[in-house]
2 protein chains.
Amino acid sequence: MEKTIIELEQAAQTLKLLGDKTRLTILGLVKDSECCVCEFVEVLQMSQPSISQHLRKLRDAGLVKEQRRGQWIFYSLNREHATYPIIHQVLEQIPDQKEKLTALEEAGLRIQCDS
Amino acid sequence: MEKTIIELEQAAQTLKLLGDKTRLTILGLVKDSECCVCEFVEVLQMSQPSISQHLRKLRDAGLVKEQRRGQWIFYSLNREHATYPIIHQVLEQIPDQKEKLTALEEAGLRIQCDS
DNA sequence: TGCACATATAAGCATATACTTATATTATAA
DNA sequence: TTATAATATAAGTATATGCTTATATGTGCA
């Protein structure tokens with residue numbers, strides 16, 4: 001990835017959002033695949049409203065996108081965001097969260113939706 | 001720089017500290033050279049106690065080192081910190097803060113100390 | 001010794017943050 | 001149409017954060 005310059009204020013805002021264990025894990029999860037709220041709840045073992053509130057912050061800042069499919073709302077990383085290069089770099093340097101989704105899958109709790 | 005994996009919790013703690021405009025600027029300044037408190041005060045146009053408190057957080061977390069030289073205390077980036085790779089990457093992607101020090105220098109306000 | 005400068009620390013306060021519980025919204029399916 | 005599931009939002013609360021003002025600490029120098 002080439003070097004991109006991001007305004008300091010905007011970088012600080014994004015870094016503040018990354019500076020929380022829950023949100024950092026959420027971003028680590030959507031780095032690999034779309035996830036719906038109940039999956040975050042399951043993986044992070046936190047209350048649904050708490051997860052929803054974190055997702056709202058990430059979405060309000062534009063770091064993630066949401067897409068409704070049936071009764072589920074799937075969240076994904078917004079790779080078009082101005083500060084995405086920072087997020088990308090950070091996610092490269094923390095442990096992969098993929099296994100947590102694999103565990104869900106094995107437990108048959110992964111949401112599959114074609115609608 | 002090669003890829004280094006940093007524990008998620010520790011990464012989040014560092015990112016939280018980076019997620020503040022003042023501290024991010026401070027780190028951007030010490031990226032290039034040591035600075036003393038009064039220089040941060042001058043550049044950032046903030047009160048001395050406020051700057052000191054931000055520096056304390058950065059130092060308590062181990063992100064910066066301090067070194068007393070006479071009546072001044074100089075701060076520098078701790079490149080040995082476990083999360084330094086993250087800091088390095090972030091600082092690569094925000095505007096260079098060097099000019100702010102150049103401006104100080106031209107105003108004759110840069111601290112030179114040989115003791 | 002005593003004063004001035006650089007810096008740190010303490011205390012107080014307003015605002016932000018991250019939960020909780022309760023309730024509203026939206027979509028599916030019977 | 002009604003019940004249920006997934007999600008969002010609202011309101012309340014405890015704690016964290018970032019400033020302020022006031023004061024303490026440490027160093028250099030007359």
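Per chain, numbering begins at 1; letters A, B, ... match sequence-line order. Source: prediction; values computed, not measured.
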Non-hydrogen atoms of [X] and [Y] that approach each other most closely:
X: B:Lys98; Y: B:Asp96; result: N-OD1, 2.9 Å
X: A:Leu77; Y: A:Lys31; result: CD2-CA, 4.0 Å
X: A:Tyr75; Y: A:Val30; result: O-CG1, 3.4 Å

Are any side-chain N or O atoms of [X] and backbone N or O atoms of [Y], one a donor and one an acceptor, separated by less than 3.5 Å?
X: B:Gln89; Y: B:Ile86; answer: no
X: B:Gln97; Y: B:Pro95; answer: yes
X: A:Asn78; Y: A:Gly62; answer: yes

Starting at [atom1] of [X] and ending at [atom2] of [N], how long is that distance when rounded to a whole Å?
X: A:Ile73; N: C:dT26; atom1: CD1; atom2: P; answer: 10 Å
X: A:Trp72; N: C:dA27; atom1: CH2; atom2: P; answer: 14 Å
X: A:Phe74; N: C:dA27; atom1: CZ; atom2: P; answer: 15 Å
X: A:Glu39; N: D:dA5; atom1: CD; atom2: P; answer: 18 Å
X: A:Arg68; N: D:dA6; atom1: CZ; atom2: C1'; answer: 7 Å
X: B:Gln71; N: D:dT27; atom1: CD; atom2: P; answer: 11 Å
X: A:Glu34; N: D:dT7; atom1: CD; atom2: P; answer: 13 Å

- Query: Is the CD atom of A:Glu99 crowded by more than 12 outside heavy atoms at less than 6.0 Å?
  - Reply: yes
- Does B:Tyr75 place a side-chain N or O at less than 4.0 Å from the phosphate oxygens OP1/OP2 of C:dA6? no
- Task: Would you jot down, in residue-number order, the residues of residues 6-29 of chain A having a non-hydrogen atom under 4.0 Å from DNA chain D?
- Result: none
- Message: Quick check on contacts: within residues 40-61 of chain A, what sits under 4.0 Å from DNA chain D by heavy-atom distance?
- Response: A:Gln48, A:Pro49, A:Ser52, A:Gln53, A:Arg56
- Task: In plain terms, say whether A:Glu34 and A:Arg69 are close enough for a salt bridge, that is, a side-chain N and a carboxylate O under 4.0 Å apart.
- Result: yes
- Of all residues at least two apart in sequence or in a different chain, which pass the side chain to side chain donor-acceptor pair (under 3.5 Å) check with B:Gln13? none
